[in-house]
Each structure stands twice: as structure tokens, then as C-alpha cells.
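A short worksheet on the structure shown next.
In this text the structure is predicted, and so the values were computed from the model without any measurement. Per chain, numbering begins at 1; letters A, B, ... match sequence-line order. All values below were derived from every heavy atom in this structure, side-chain atoms included, with hydrogens, water molecules and symmetry-related copies excluded.
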Amino acid sequence: MPELPEVETTVAGLRSVLEGRTLTLVEPRRADLRVPFPPDLRQRMTGARVERLGRRAKYGLVETDRGDMMIFHLGMSGRWRVDPDEIGKHDHLVLETGEGRRLALCDPRRFGFVELVRTEAWEAYPPFAKMGPEPLGDIFTGKLLHKMLSGKATSIKAALLDQRVVAGLGNIYVCEALHISGISPRKQAGKLTARQCDALAAAIKAVLLSAIAAGGSSLRDYARPDGELGYFAKEWRVYGREGEDCPACGATVLRRAEGGRSTFYCGVCQK
DNA sequence: CTTGTAACCTGTCTGC
DNA sequence: TGCAGACAGGTTACAA
């Protein structure tokens, strides 16, 4: 469940293996994931030195000394395996460094993808062009959120999942942030008060920082690149806790399916 | 333009 | 044990 904290954790793990290292092997194992691998990925990346790793929203960024940036998205089930014993059928891209370290991008559902852009033009990469602010950045405040939401007829939950409003949130952390700030997921986005937006922005930052500190959330098929599991799942207040007691008021945590996606919330303390 | 739904693909879990 | 059905982190094409 790669949302922002899991991608941040992943990038930190990759950094220790890749940064400053030369790629001696870059091998796609099939033609495509959600979209085709760039046809020249192997040729442009092999022999390149990795200068820097970064993250934008849920995307991982790998900059090389050739002016290229490899962008990866983990989709729903993607993860990087570090020094795997063997390459399995879901390992769709394999990298090796001059030190003999090996990385495999494993993605059973294949909703992830890899792109290659010129570093100087990375912000023009279409998914980034209209993307909203990073929630952990200084420019993301309750005031800005209030402005972004004004006039929106959709629910606050749908608005927070819209990457043009704020970039990097997914189903888990939206559910968690709404619970922390006591706001109903069904509340009309444009009707939130300035005060509620302040509380919501603060809750978003707090939950993301806690999750990053815990190494991300551990889900069925997610692990950090080094194989360690993230611990944040133990700290979920409502997500995945249908039928349990609300940690704030003791009422029963509810789940409702909307658009093929589950929302977890407390009907008593989220208004 | 905005908003909601279906589809992409595979694995896992639940209930009969 | 088998098997059908529900469900899972995201994104986007398309319909309304």
C-alpha cells in the first residue's frame, strides 16, 4: 500500500544501496507493467552513476549523472526487494550495482510503472504538471487547503484523494486524518470551515510523519526494501478496524463501500 | 469544467 | 478440500 509514507520509506532504503553507485545491469523482465517500460531504459541506465534519490507524492525519483531521471510508481502492490536470493515471476525490473548489490522491482498486480525523463524537465512529466502541494511542505497549510476546497461539491474524502488538491495521500491516510480531525468523510469539501481545515492539515502532517517514523504501514504484500516490515499498521485508529471500538469515543468503527473503495470512520465523533 | 464509476491484474481470505 | 465471491495500497478513461 504504497502511499506517501511507504514511498518515502522505500526511497530511503534504496538510497543506501544506490546513491553514488554505478548501475552495472538494468534488466526489464517483461515488456510492460501498467504502461510499457521505456524501450531505451536499459541502454540509458546501464553504466550510469546514481546521483540522487527523491520522492514526489507517491513517485520515486532516481537521478543519474547522464541527466536522466528514472521515475517509478509502486501502484497497489509494488515494492523493491533488496538482494533477493532469486528472481521470482513478479520481479519485473532488476538492477545491479558495481558493488554486487541487486534490486528487484516486484509488483504482482502490475499497477505500477517506470518512466524515464530528462532531469531538467522532470516537473513537466504529465502526472506532476497539475499535481497539488506536498502535504509535508511548508506551503501546505490549513489556509491553503481551505482555498483549494472552496466551491467543491464532492466529499472531503474524495477531495483529499484527488492528487491535484494535495499530493501523496491514499485511502488509509485519508481515513486516518479525517478521524484525527473529527471530520466526517461524507462532509461536503467546500463546506469545511477555516478552523476545520487547520485541524485537518495538521492531522495530515501528523499522521504522515508518524507513519514515516514507524517505517510505513505493513500490509499484506508490502515490506520495506530491506525486508523489515513497517509498524504503522498497528497504529491505525480506524482503517481496517470495522467493528472495533473508536479510540476517541468508544463507539463502533464503521465501514462503507463507495466507488469500490472502503471508508472507515466513526459515526459518532466524526461530524 | 466537475464528479462518479468501471477497469486494469493478481493474490488472499472467507464462507459455503 | 474445492470453489465462488469479496476485497486490497492507485490511477485514469470515460460517461453523465
Side-chain angles (χ1 to χ4, degrees), chain A residues 1-11 29-37 55-60 71-81 88-92 105-115 125-132 135 148-178 185-191 207-208 211-212 214-225 229-236 238-243 255-264:
Chain A
M1 142 267 50
E3 297 181 36
L4 185 155
E6 290 69 41
V7 179
E8 183 70 24
T9 303
T10 295
V11 165
R29 313 271 299 170
R30 53 176 293 132
D32 56 36
L33 292 178
R34 197 165 73 67
V35 301
F37 280 104
R55 178 191 61 72
R56 170 74 168 116
K58 303 171 192 172
Y59 295 75
I71 300 173
F72 66 85
H73 194 291
L74 299 173
M76 294 276 255
S77 60
R79 64 190 175 101
W80 282 95
R81 303 204 299 141
K89 69 169 177 173
H90 298 304
D91 293 325
H92 305 304
L105 178 59
C106 175
D107 185 2
R109 291 176 74 180
R110 306 203 305 272
F111 285 174
F113 53 90
V114 172
E115 274 293 358
Y125 174 55
F128 296 155
K130 292 183 175 175
M131 196 172 266
M148 303 287 288
L149 297 177
S150 73
K152 283 206 173 292
T154 191
S155 70
I156 183 59
K157 191 196 176 202
L160 292 178
L161 288 172
D162 183 343
Q163 304 294 297
R164 293 168 302 184
V165 172
V166 55
L169 299 181
N171 204 28
I172 294 175
Y173 297 108
V174 165
C175 289
E176 293 295 298
L178 287 170
R186 305 232 282 180
K187 174 97 178 170
Q188 193 180 317
K191 289 190 173 170
V207 74
L208 293 176
I212 291 168
S217 294
S218 163
L219 289 168
R220 229 187 301 295
D221 47 11
Y222 175 78
R224 290 200 285 180
L229 296 174
Y231 287 101
F232 192 71
K234 297 187 195 333
E235 297 178 37
W236 291 340
V238 288
Y239 187 85
R241 296 199 184 280
E242 179 184 17
R255 177 176 80 93
R256 71 174 347 117
E258 305 167 287
R261 176 145 258 123
S262 288
T263 299
F264 297 88

Donor-acceptor under 3.5 Å (A:E176 side chain, A:V207 main chain): no
Integer-rounded Å distance: B:dC9 P and A:R109 CZ: 11 Å
Of all residues at least two apart in sequence or in a different chain, which pass the side-chain contact (heavy atoms from CB on, under 4.5 Å) check with A:F111? A:M76, A:R109
Side-chain atoms of A:Y239 come closest, of B:dG11, C:dA8, C:dG10, to C:dA8
Rounded to whole Å, how long is the line connecting atom CZ of A:R256 with atom C1' of C:dA6? 19 Å
What nucleotide among C:dA8, B:dG11, C:dG10 has an atom nearest to a side-chain atom of A:N171? C:dG10
Within this structure, what is the CZ-to-C1' distance between A:R30 and B:dC8, rounded to whole angstrom? 12 Å
Dot-bracket encoding per residue of DNA chain B, Watson-Crick/G-U cut-off under 3.5 Å, | denoting interstrand: .|||||||.|||||||
Is the aromatic ring of A:F111 within stacking range of B:dC9, meaning centres under 5.5 angstrom and planes under 30 degrees? no
A:D107 CG to C:dG10 C1': how many Å, rounded? 11 Å
Whole angstrom is fine here: how far is it from CD in A:E3 over to C1' in C:dG10? 9 Å
Which atom pair, heavy atoms only, marks the closest approach of A:K58 to A:G170? NZ-CA, 3.7 Å
Anything under 30° is parallel, anything over 60° is perpendicular, the rest tilted; go ahead and classify A:F113 against A:H73. parallel
Considering all heavy atoms, the nearest A:V166-A:P135 contact: CG2-CB, 3.7 Å
Of the listed nucleotides C:dC7, B:dC9, B:dG11, the one nearest the side chain of A:S262: C:dC7
Would you check if the side chain of A:R255 reaches a backbone N or O of A:S262 as a donor-acceptor pair within less than 3.5 Å? no
A:R30 with A:D32: basic N within carboxylate O range, under 4.0 Å: yes
Applying salt bridge (charged side-chain N to carboxylate O under 4.0 Å, His left out) as the test, list every pair that has at least one member in residues 151-163 of chain A; sequence neighbours left out. A:D162-A:R164
At under 4.0 Å between heavy atoms, which parts of nucleotides 11-16 of chain C does protein reach? Answer with one letter per nucleotide, 5' to 3': B base, S sugar-phosphate only, - none. BS----
Please report whether the ring centroid of A:W236 lies less than 6.0 Å from that of A:F264. no
Looking at A:H90, I'd like to know whether one of its side-chain N or O atoms comes within less than 4.0 Å of OP1 or OP2 on B:dG11. yes
Starting at NZ of A:K89 and ending at P of B:dC9, how long is that distance when rounded to a whole Å? 15 Å
Integer-rounded Å distance: B:dG11 P and A:D91 CG: 13 Å
Expressed in whole Å, how much space separates the P atoms belonging to B:dC9 and C:dC14? 15 Å
Donor-acceptor pair, side chain of A:Q163 and main chain of A:L169, under 3.5 angstrom: yes
Under 3.5 Å donor-acceptor, A:E235 side chain and A:F232 backbone: no
Can you check the distance between B:dT5 and C:dC7, where both ends of the measurement are the P atom (answer in whole Å)? 16 Å
Checking A:R56 now: which residues fulfil side chain to side chain donor-acceptor pair (under 3.5 Å) with it, not counting sequence neighbours? A:E134
Strictly under 3.5 Å: I want the nitrogen or oxygen pairs between protein and nucleotides 1-4 of chain B, one per line.
from: B:dT3; atom 1: OP1; to: A:A153; atom 2: N; distance (Å): 2.7
from: B:dT3; atom 1: OP1; to: A:T154; atom 2: N; distance (Å): 3.4
from: B:dG4; atom 1: OP2; to: A:T154; atom 2: OG1; distance (Å): 2.5

How long is the line joining CD of A:E258 and P of B:dT5, in whole Å? 9 Å
